[in-house]
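Basis for what follows: all heavy atoms, side chains included, without hydrogens, waters or symmetry-related copies. This structure is a prediction, so every number in the text was calculated from the model and none was measured. Naming: A, B, ... by sequence-line order, numbering from 1 per chain.
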Number of protein chains: 2
Amino acid sequence: MLGKNIRHERLRQGFSQDDLAEKAGLHRTYIGMVERGERNITLLNYAKIVDALNLAMHDLMKESVYPLPQSKHPKRIGL
Amino acid sequence: MLGKNIRHERLRQGFSQDDLAEKAGLHRTYIGMVERGERNITLLNYAKIVDALNLAMHDLMKESVYPLPQSKHPKRIGL
DNA sequence: CTGTGACTTTTAGTCCGTG
DNA sequence: TCACGGACTAAAAGTCACA
C-alpha cells in the first residue's frame, strides 16, 4: 500500500505530517489523507511527496499492488 | 517523460490509442492527452494503463524525471 | 501531532465532433 | 489513426475548525 509506505518512510526519517506537508508544498491534512489511502492522488502530488522524502518515484511503488476500489464511495481506496 | 514512455510501449505492442483505451477502461481522447503530457494522471488510472500494457507500475517511471509545471495553465505538464 | 467531516475551487476524465 | 476543441460531469486539490 502506497500510503503505508509513505508513512513508514516519513516516520523513518523522523518527520511529522506537518513537516512533510511543508517540504512537499502540500497541506498537513492532505498528507494524512494520502497516508490513510483515502485519496486517489495524482502523479504530480505523488512526485512532490516522493521528492520531499528524497526518493525516486518508483521507490514507493515496488510493493504497491494497487487494487482498484470496490465500492462507489470507498473510505479507503486501496493504495 | 511518462507520456512518451506510454506511447512507445503502446506502439511497440502494436496497439492504437483506441485499443489501449478500451483495454484500460478509459476514454480514447484521454489516452491521447496523457501521451501528449497534457493531463496530470491519477495513480489509479496510471495503474490501469500500466496494467493494460502488461507492465509493473515502476516500469514506466524509471526515466521519468517529472518536472513540475511552470505556468499556471500549461499546455504540457511535463510528465 | 493526527483524524475527520464539511466545504469550495480546480482539474481529471468523458463524450460529441472536426480535419 | 490521431490531434485537437468545446462542453460537460465526476473527482481530486486544497483548506478549515474541531475532536
Side-chain angles (χ1 to χ4, degrees), chain A residues 1-53 57 60 64 66-79, chain B residues 1-53 57 60 64 66-79:
Chain A
M1 305 316 198
L2 188 74
K4 261 188 195 163
N5 292 352
I6 291 173
R7 173 163 298 183
H8 183 261
E9 260 304 315
R10 172 176 67 76
L11 292 173
R12 202 183 61 74
Q13 298 185 28
F15 298 135
S16 67
Q17 291 182 348
D18 253 351
D19 295 334
L20 178 54
E22 188 166 19
K23 280 197 174 220
L26 297 169
H27 201 270
R28 163 185 88 71
T29 59
Y30 186 67
I31 298 291
M33 288 169 165
V34 170
E35 290 189 350
R36 272 173 270 128
E38 293 172 11
R39 293 263 173 151
N40 178 24
I41 193 175
T42 61
L43 284 184
L44 225 37
N45 280 347
Y46 175 65
K48 288 182 191 171
I49 291 173
V50 147
D51 199 54
L53 290 171
M57 294 196 64
L60 294 176
S64 191
Y66 213 103
L68 302 182
Q70 280 80 16
S71 75
K72 198 74 180 179
H73 298 292
K75 184 72 180 184
R76 296 186 53 85
I77 57 173
L79 303 187
Chain B
M1 305 310 202
L2 187 73
K4 260 188 196 166
N5 293 352
I6 292 173
R7 173 163 298 181
H8 184 260
E9 260 303 316
R10 173 177 64 78
L11 292 174
R12 201 182 63 73
Q13 298 186 27
F15 297 137
S16 68
Q17 289 181 348
D18 253 349
D19 295 335
L20 178 55
E22 189 168 18
K23 278 196 175 222
L26 297 168
H27 202 268
R28 94 189 142 72
T29 60
Y30 186 63
I31 298 291
M33 288 170 166
V34 170
E35 289 188 351
R36 273 174 269 130
E38 293 172 11
R39 277 285 200 276
N40 178 25
I41 193 174
T42 60
L43 283 184
L44 226 37
N45 281 346
Y46 174 68
K48 288 182 191 169
I49 290 174
V50 146
D51 200 55
L53 290 171
M57 292 199 63
L60 293 177
S64 190
Y66 214 103
L68 302 182
Q70 282 78 17
S71 77
K72 198 74 180 180
H73 299 294
K75 184 71 180 185
R76 296 186 52 85
I77 56 173
L79 303 188

Legend entry - Side chain of Thr42(B) (C-beta onward), nearest among dA12(D), dC2(D), dG3(C): dA12(D)
Legend entry - Nucleotide dT2(C), atom P - distance to CD1 of Ile31(A) in whole Å: 11 Å
Inset, instruction - Please state whether the base of dC2(D) and the side chain of Ser16(B) form at least one donor-acceptor pair under 3.5 Å? - result: no
Inset, instruction - Please check the phosphate of dT2(C) (OP1 and OP2 only) for any side-chain N or O of Arg10(A) closer than 4.0 Å. - result: yes
Legend entry - Opposite nucleotide pairing with dA11(D), Watson-Crick or G-U, both atom distances under 3.5 Å: dT10(C)
Legend entry - Arg10(A) (side chain) donor-acceptor with Phe15(A) (main chain) under 3.5 angstrom: yes
Legend entry - Side-chain N,O (Tyr30(A)) to OP1/OP2 (dG14(D)) below 4.0 Å: no
Legend entry - Residue Arg28(A), side-chain atoms from C-beta onward, closest of dT2(C), dT14(C), dG14(D): dT2(C)
Inset, instruction - Measure the distance from CD on Glu22(B) to P on dC2(D) and round it to the nearest whole Å. - result: 14 Å
Legend entry - Polar side-chain atom of Asp19(A) near backbone of Ser16(A) as donor-acceptor pair, under 3.5 Å: yes
Legend entry - Interatomic distance where NZ belongs to Lys48(A) and P belongs to dA12(D) [whole Å]: 16 Å
Inset, instruction - Please check the phosphate of dA13(D) (OP1 and OP2 only) for any side-chain N or O of Asn45(A) closer than 4.0 Å. - result: yes
Inset, instruction - Tell me which of Asp19(B) and Met33(B) sits closer to the 5' end of DNA chain D, going by the nucleotide each one is nearest to. - result: Asp19(B)
Inset, instruction - Establish, with yes or no, whether the OP1 or OP2 oxygen of dG3(C) is under 4.0 angstrom from a side-chain nitrogen or oxygen of Arg7(A). - result: yes
Legend entry - Between dC2(D) (C1') and Arg36(B) (CZ): distance, integer Å: 8 Å
Inset, instruction - Calculate, to the nearest 0.5 Å, the distance between atoms OH and CD1 belonging to Tyr46(A) and Ile41(B) respectively. - result: 14.0 Å
Legend entry - Atom pair distance, as rounded to whole Å: CG in Leu44(B) and P in dA10(D): 17 Å
Legend entry - Side chain of Asn40(B) - closest among dG14(D), dT4(C), dA12(C): dA12(C)
Legend entry - Between dC16(C) (P) and Asp18(B) (CG): distance, integer Å: 13 Å
Inset, instruction - State the CZ-CD1 distance between Arg7(A) and Ile31(A), to the nearest 0.5 angstrom. - result: 10.5 Å
Legend entry - Arg39(B) vs dT11(C): side-chain N/O to OP1/OP2 distance below 4.0 Å: no
Legend entry - 5' priority, DNA chain D, between His27(A) and Gly32(B) [closest heavy atom]: Gly32(B)
Legend entry - Min side-chain heavy-atom separation Leu26(B)-Val34(B) under 4.5 Å: no
Legend entry - Point-to-point distance, once rounded to the nearest 0.5 Å, from CD1 of Ile49(B) to CE of Met57(B): 10.0 Å
Legend entry - Residue-phosphate contact under 4.0 Å: Thr29(B) side-chain N/O, dC15(C) OP1/OP2: no
Legend entry - Nearest-angstrom distance from the residue atom CG of Leu43(A) to P of dA12(D): 13 Å
Inset, instruction - Could you tell me the separation between the CD atom of Gln17(A) and the P atom of dT4(C), rounded to a whole number of Å? - result: 11 Å
